[in-house]
Amino acid sequence: MPLKDILAALVVIVVWGANFVVIKVGVDEIPPMLLGGLRFLFVAFPAVFFVPRPATRWRYVIGYGATICLGQFAFLFLAIHLGMPAGLASLVLQAQAFFTVAIAALVLREAVRPHHVLGIGLAAAGLALLDLGAGGETAVPLAGFLLTLAAAFSWATGNVVLKCAGPVRMLSMVVWGALLPPIPFLLLSFVFEGPDRIVDSLAHISWRAVGAVAYLSGVATLIGYVLWGRLLARHPVARIAPLSLLIPVVGLLCADWFLGERLGLWQWLGGLVVLIGLAVNLFGAGPLRAKRRPRGG
């Protein structure tokens, strides 16, 4: 891999890993549904006037916006707002890999391999260990934990939508998919957070909150997805996809350094088991293929 692509991959890993700390900073100052609305409002505008519409059916663009943009971040923002630790959220969200396998098997009739089952089992055991560690120094509220799993399920559903959409320019899908979430987010904010809180949040918005919105919309969404999409276009998926395993590592470290989230022994053990499960899910079929491949001669 060329040096510039290695650097691009490192940028994405750091940007997306730190993203969870920024979300925590954002929801501490802006109500979560309002934060979601602002994030995708600035993803879509003014970029939508300059980025061509994705070359796929509208139903896939709407499906992407409803799942990866609206569903994933509505659940994730609310989870962190309710006390889900940012570092652990970055880890639990990776359950999307297993949900994707399950949804693809049901919807697309894709085969579920033995290593998928083993990986899902290991990840489930790791999540159970995280729950055992909920009484430690960094508590894991049940509502936040379940909402983060719901966010992972939304992300996984969006992955299947993208697969059904076929080859598509990722920047176009991100920008045009972002047209859908602002109105539902703002309606949810109006109903559940109230007009008074919306007005007060916007009238007294701090530079810290402005920075969080700018990071979430411009850096994590636009820059992150563009670089990731270019990497996937230039290199085999099998070479790029495993890099996502480093995102929760960065997320846990950033949460420790900047938010003071200290994990207990059971939580670290659970996180390690989840990462092992993710690795088995990604790499498990590799050795099997190597054994089956006939020798040249």
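Values below: all heavy atoms of this structure, side chains included; hydrogens, waters and symmetry mates excluded.
Under the 3.5 Å distance criterion, the side-chain polar atoms of E193 are matched with a main-chain donor or acceptor of M33. A donor-acceptor pair is defined here as one N or O able to donate and one able to accept, closer than 3.5 Å; such a pair exists between the side chain of T148 and the backbone of G144. Side chain of R262 to main chain of D256: a donor-acceptor pair is present (N/O by atom type, distance under 3.5 Å, no hydrogens or angles). With hydrogens and angles ignored, the 3.5 Å screen pairs a side-chain donor or acceptor of Y215 with a backbone N or O of V15. Looking only at distances, a side-chain donor or acceptor of W176 sits under 3.5 Å from a matching main-chain atom of P52. No donor-acceptor distance shorter than 3.5 angstrom exists from the side chain of S172 to the backbone of V168, with no hydrogens or angles considered. Side chain of E261 to backbone of A86: a donor-acceptor contact under 3.5 angstrom is found. The closest donor-acceptor contact from the side chain of H81 to the backbone of F77 lies at 3.5 Å or more, if one exists at all.
Note on L171: it clusters hydrophobically with F50, by side-chain heavy-atom contacts below 4.5 Å among ILVMFWY residues. L147 and F192 end up in the same hydrophobic cluster when Ile, Leu, Val, Met, Phe, Trp and Tyr side chains are linked at under 4.5 Å.
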Inset, instruction - Apply side chain to side chain donor-acceptor pair (under 3.5 Å) to the pair R39 and T221, showing each step before the final yes or no. - result: CA-CA 9 Å; R39 173 179 185 164; T221 305; 2.8 Å; yes
Legend entry - Candidate pair C164 and Y60, rule side-chain contact (heavy atoms from CB on, under 4.5 Å), full reasoning: CA-CA 8 Å; C164 293; Y60 297 130; 3.6 Å; yes
Legend entry - C254 vs F20, side-chain contact (heavy atoms from CB on, under 4.5 Å): CA-CA, chis, key distance, verdict: CA-CA 9 Å; C254 287; F20 295 87; over 6 Å; no
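Note: W155 and F75 fail the aromatic proximity criterion, with ring centroids not under 6.0 Å apart. For F185 and F73, the ring centers sit 6.0 Å or farther from each other.
For the 3.5 Å distance criterion, the side chains of S206 and E29 qualify, holding a donor opposite an acceptor.
Counted within 6.0 Å of CZ on R57, heavy atoms from surrounding residues, nucleotides or ligands total 12 or fewer; the atom is thus considered open.
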